[in-house]
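Each remark here refers to the structure printed beneath this line.
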Amino acid sequence: MRLLLSFSSGGLFGLGLFLSGMTDTQKVQGWLDIFGAWDPTLAFVMGGAILPMALAWQLTRGRAPLVGGSFPASPRQELDRRLIIGSVLFGIGWGLAGLCPGPAIASLSYGGTGGIIFIAALLIGMMAAPPFAQRLDRAAAST
């Protein structure tokens with residue numbers, strides 16, 4: 001049952017990304033180009049994602065899912081060096097490629113070689129991040 005719900009939720013999420021235009025790299029880059037031909041329509045997508053999740057964190061506090069596991073914790077409220085560096089790298093990659101991980105996976109079936117290259121780069125970045133973070137932590141501890 002849990003796998004079926006996960007598969008259905010993932011499929012619905014991917015469909016939502018496709019229908020909203022989040023898998024269209026030119027539309028996303030138009031959203032990020034605030035000093036050029038800015039396309040504000042993705043603000044509705046962002047609001048449509050943030051508001052339900054904020055409500056879900058409030059409604060699920062102290063509860064357990066019906067099909068097992070646990071709900072994801074709400075994010076920390078503090079800014080630290082890791083968050084800032086990660087956010088900057090994410091933003092640079094998003095602006096250059098016009099994709100972030102969810103839409104990249106959703107567009108794999110029709111995205112061509114660009115989507116495959118993005119996923120390969122994403123996996124390399126995921127493997128490189130922990131040693132890089134440890135190096136930053138050691139450098140910060142020694143100063």
Side-chain angles (χ1 to χ4, degrees), residues 1-140:
M1 180 65 160
R2 186 173 180 181
L3 284 176
L4 179 64
L5 287 173
S6 296
F7 182 77
S8 300
S9 298
L12 184 62
F13 180 66
L15 179 64
L17 291 172
F18 175 75
L19 292 175
S20 67
M22 289 292 291
T23 58
D24 180 350
T25 57
Q26 291 183 345
K27 186 170 186 71
V28 170
Q29 287 172 330
W31 156 254
L32 297 171
D33 187 9
I34 56 174
F35 298 114
W38 187 53
D39 178 2
T41 56
L42 289 183
F44 295 104
V45 176
M46 303 293 179
I50 293 170
L51 292 176
M53 194 65 212
L55 182 62
W57 274 317
Q58 296 301 318
L59 294 175
T60 59
R61 187 175 293 166
R63 297 180 179 193
L66 294 175
V67 291
S70 61
F71 290 117
S74 61
R76 297 179 317 180
Q77 301 295 317
E78 63 203 44
L79 292 177
D80 61 10
R81 187 170 55 161
R82 284 180 167 208
L83 178 63
I84 293 170
I85 291 172
S87 299
V88 168
L89 290 173
F90 181 90
I92 290 170
W94 199 27
L96 289 174
L99 288 171
C100 61
I105 293 170
S107 65
L108 265 181
S109 62
Y110 65 89
T113 55
I116 294 169
I117 292 170
F118 180 90
I119 294 296
L122 174 70
L123 293 174
I124 291 169
M126 289 172 66
M127 288 186 294
F132 183 70
Q134 288 177 349
R135 179 178 263 176
L136 285 176
D137 289 343
R138 281 195 301 269

With a sphere of 6.0 Å drawn around [atom1] of [X], does it hold more than 12 non-hydrogen atoms of other residues, nucleotides or ligands?
| X | atom1 | answer |
| --- | --- | --- |
| Q77 | CD | no |
| F13 | CZ | no |
| L66 | CG | no |

Interatomic spacing from [atom1] in [X] to [atom2] in [Y] - rounded to 0.5 Å:
| X | Y | atom1 | atom2 | answer |
| --- | --- | --- | --- | --- |
| L12 | F7 | CG | CZ | 12.0 Å |
| Q29 | L99 | CD | CG | 8.5 Å |
| I85 | F132 | CD1 | CZ | 6.0 Å |
| Q26 | D33 | CD | CG | 12.0 Å |
| S6 | M1 | OG | CE | 11.0 Å |
| L136 | Q134 | CG | CD | 10.5 Å |

Nearest non-hydrogen partners of [X] and [Y], listed with the distance:
| X | Y | result |
| --- | --- | --- |
| L32 | G95 | CD1-CA, 3.6 Å |
| P52 | G47 | CD-O, 3.8 Å |
| S20 | V45 | CB-CG2, 3.5 Å |
| A106 | L17 | CB-CD1, 4.3 Å |
| R82 | A133 | NH2-CB, 3.6 Å |

*asked:* With ring-ring contact (aromatic ring centres under 6.0 Å, His included) as the rule and sequence neighbours excluded, what pairs involving residues 34-81 come up?
replied: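 Applying ring-ring contact (aromatic ring centres under 6.0 Å, His included) to every pair that reaches into residues 34-81, excluding sequence neighbours, yields W31-W38.
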_The criterion is side-chain hydrogen bond (donor to acceptor under 3.5 Å, both in side chains); which residues satisfy it with D39, sequence neighbours excluded?_
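Only K27, T41 meet the side-chain hydrogen bond (donor to acceptor under 3.5 Å, both in side chains) criterion with D39.
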